[in-house]
There are 2 protein chains.
Amino acid sequence: MATYKTRAQFVADDLRQRILGGEFQGGTQLRQDALARDYEVSRIPVREALLTLESEGLVEFHAHRGAFTTELSVSKIRELFELRVLLETHVLRRAIANLTEADLDEAESILIKYDEALNSGGEIGNWSEYNFAFHKALYAPAKLPETMALISQLNTKSDRYIRMQLLYTQEIEKAEKEHHGLLDFARQGDADQACALLETHIQEACEGIVAVLENRAKTMMQQA
Amino acid sequence: MATYKTRAQFVADDLRQRILGGEFQGGTQLRQDALARDYEVSRIPVREALLTLESEGLVEFHAHRGAFTTELSVSKIRELFELRVLLETHVLRRAIANLTEADLDEAESILIKYDEALNSGGEIGNWSEYNFAFHKALYAPAKLPETMALISQLNTKSDRYIRMQLLYTQEIEKAEKEHHGLLDFARQGDADQACALLETHIQEACEGIVAVLENRAKTMMQQA
DNA sequence: ACAATGCATATTGTATACAACCTGCAATAA
DNA sequence: TTATTGCAGGTTGTATACAATATGCATTGT
């Protein structure tokens, strides 16, 4: 079901990737006309795509002035990651309560696939997706779809910054170790330790991003 | 700023009210053509309004089949209210930490205004708004805008059912007492007790809604 | 009788055309 | 000089027109 993709959805999906990939600086205006030419469609599906992205927090509309990509302040990033801690530990705890062997294997297979991709090539272009896929697999047994939707939303909002962090720091291996740790605790059924690890995992990612952002702000000051 | 309202926004706001007011059964199709005639606009702003409402979880789009009002299952309602407990106690705790007299007075004034409206007339049409306004005032000192946005989102999604509950049960006075209780605990700076009360406040509202829904389902079975 | 197929109709999705509005600059007046 | 007003150009917002798709019914064949 819902296999058909309208042009608006196509544009939305592609544009989301481009924004998350860092193609646009925060605050740049997305001209409907130009995008319509790019995708060889009219402005109507472009507008609808932009509206979708607005609801995801990636762009902002100003009436009669158009859509601009958003930029998060440090305090908002901190807030988002605090929410992630709150929601994801909640889900993880519930997930561990009704975890099966199959669930654990599923999560582990994602991790292994990622390990291989990392060791062989080093293509971190879609690391962010692998990362989220693992978390999702781990949380899925909780069977809390609404909560997962919120978590996805938070991830989408902060994904740009996560990628940026990975670009500037070499935290991937550390994250990878923590993922294995999470899996081990989950396998042992130790929800408390798993949640504690998850909490620091998220918090440290947050601090890494904040550090990169503040560094960038400083170098930009010097340039000016 | 942003004082201008496009037609799409106008339609979205009005349609949201109508949906939350219970004008449409869950699952009814919203024909773009009919709505466009109603509001005397073209279908374009109607579509955009429906897209906005989709992002709020009030309607669902099916490609080439249009928009339908959503209906929440009991398990989803339970999940939403569980999320509310999680997020709202989090915010409340933070709010109590940096609460000023002015904040408390502000919240109290909303409560008093509502008390008066309730005693004099009994217009519960917009009780739901008063209710949320009070909660918002109480949470505002936490200064967590992203979190508040999520909470608003959850409230919008469940608002229809809250109204329904109020229509079928007489829980308003009880909620009112609990609101005063919340305010008292907040004034004393007792975050633990305030959060405990908030938790039961939300949970009982949830159970009330579930009871109404299951009752309605039963009577519908009998009719058929 | 019943299932499958094709057509008619209606509704959605999109392109094009036009109106409303914002922005920046030039001209004018204090 | 500086603030204000009006206009020009460009972008967004919306109406209209058309294309694509889903649904229901009639038709056909078994």
Side-chain angles (χ1 to χ4, degrees), chain A residues 1-20 23-71 224, chain B residues 1-20 23-71 224:
Chain A
M1 62 158 81
T3 176
Y4 186 90
K5 225 181 188 181
T6 65
R7 299 176 195 219
Q9 286 170 303
F10 177 82
V11 174
D13 289 342
D14 192 81
L15 202 52
R16 183 186 304 109
Q17 287 309 111
R18 290 171 70 184
I19 293 174
L20 293 180
E23 183 171 333
F24 309 97
Q25 281 290 77
T28 57
Q29 184 170 10
L30 299 175
R31 291 238 159 65
Q32 303 173 357
D33 207 358
L35 290 173
R37 265 198 304 273
D38 275 8
Y39 291 104
E40 297 184 326
V41 297
S42 83
R43 270 175 41 234
I44 300 284
V46 171
R47 277 183 67 79
E48 296 193 355
L50 289 171
L51 279 170
T52 302
L53 297 180
E54 183 187 32
S55 75
E56 296 171 6
L58 296 181
V59 307
E60 259 180 15
F61 262 83
H62 298 273
H64 287 104
R65 293 193 38 223
F68 299 78
T69 57
T70 55
E71 184 148 45
Chain B
M1 61 159 83
T3 175
Y4 188 91
K5 226 183 189 181
T6 66
R7 297 175 197 223
Q9 286 170 304
F10 178 82
V11 173
D13 290 342
D14 192 82
L15 202 51
R16 185 185 303 110
Q17 287 309 111
R18 289 172 71 186
I19 293 175
L20 294 179
E23 183 171 335
F24 308 99
Q25 282 292 77
T28 56
Q29 183 170 13
L30 299 175
R31 291 238 159 65
Q32 302 172 359
D33 207 1
L35 290 173
R37 265 199 304 273
D38 275 9
Y39 290 106
E40 296 182 326
V41 298
S42 84
R43 270 173 44 232
I44 300 284
V46 171
R47 278 184 66 80
E48 296 194 355
L50 289 172
L51 279 170
T52 302
L53 297 180
E54 182 186 33
S55 76
E56 296 172 7
L58 297 181
V59 308
E60 260 179 16
F61 262 83
H62 299 274
H64 288 102
R65 292 191 41 222
F68 300 78
T69 56
T70 55
E71 183 147 47

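Computed from a predicted structure; not experimentally measured. A note on names: the letters A, B, ... follow the listed sequences, proteins ahead of strands, and every chain is numbered from 1.
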Can you tell me if R65(A) touches the phosphate of dT11(D), counting only side-chain N or O atoms and a distance under 4.0 Å to OP1 or OP2?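 R65(A) to dT11(D) OP1/OP2: no side-chain N or O under 4.0 Å.
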Distance test, side-chain N/O of Q9(A) to OP1/OP2 of dG13(C), below 4.0 Å: no
Show me the protein contacts with nucleotides 15-20 of chain D, counting only N or O atoms at under 3.5 Å.
unit_1	atom_1	unit_2	atom_2	d
dA15(D)	OP1	R7(B)	NH1	3.1
dA15(D)	OP2	S42(B)	N	2.6
dA15(D)	OP2	S42(B)	OG	2.7

Could you pull out the closest heavy-atom pair between G27(B) and F68(B), with the gap in Å? O-CD2, 3.5 Å
Closest heavy-atom pair and its distance - Q25(A), T69(A): O-OG1, 2.8 Å
How is R31(B) classified with respect to the nucleic acid when contacts are heavy atoms under 4.0 Å: base, sugar-phosphate, or nothing?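 Sugar-phosphate only.
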Using 0.5 Å steps for rounding, measure from the [atom1] atom of [X] to the [atom2] atom of [Y].
{"X": "L20(A)", "Y": "R18(A)", "atom1": "CG", "atom2": "CZ", "result": "12.0 Å"}
{"X": "Q9(A)", "Y": "R16(A)", "atom1": "CD", "atom2": "CZ", "result": "10.0 Å"}
{"X": "R31(A)", "Y": "D33(A)", "atom1": "CZ", "atom2": "CG", "result": "9.5 Å"}

Without decimals, in angstroms, what is the distance between [X] [atom1] and [N] [atom2]?
{"X": "L51(B)", "N": "dG13(C)", "atom1": "CG", "atom2": "P", "value": "9 Å"}
{"X": "K5(A)", "N": "dT14(C)", "atom1": "NZ", "atom2": "P", "value": "13 Å"}
{"X": "D33(A)", "N": "dG9(D)", "atom1": "CG", "atom2": "C1'", "value": "14 Å"}
{"X": "Q32(A)", "N": "dC18(C)", "atom1": "CD", "atom2": "C1'", "value": "15 Å"}
{"X": "L50(A)", "N": "dT14(D)", "atom1": "CG", "atom2": "C1'", "value": "16 Å"}
{"X": "H62(A)", "N": "dA20(C)", "atom1": "NE2", "atom2": "P", "value": "24 Å"}
{"X": "Q29(A)", "N": "dT11(D)", "atom1": "CD", "atom2": "P", "value": "8 Å"}
{"X": "E48(A)", "N": "dT14(D)", "atom1": "CD", "atom2": "C1'", "value": "13 Å"}

Could you tell me whether a side-chain N or O of Q29(A) sits under 3.5 Å from a main-chain N or O of R65(A), the two making a donor and an acceptor?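 A pair under 3.5 Å: yes.
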Name the residue closer to the 5' end of DNA chain D, choosing between A63(B) and A63(A) according to the nucleotide with the nearest heavy atom.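 With A63(B) and A63(A) compared, the 5'-side residue is A63(A).
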For L35(B), run the side chain to side chain contact (heavy atoms under 4.5 Å, CB included) check against V41(B), V11(B), L15(B) and tell me which one passes.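 Going through the options one by one, the only one that passes is L15(B).
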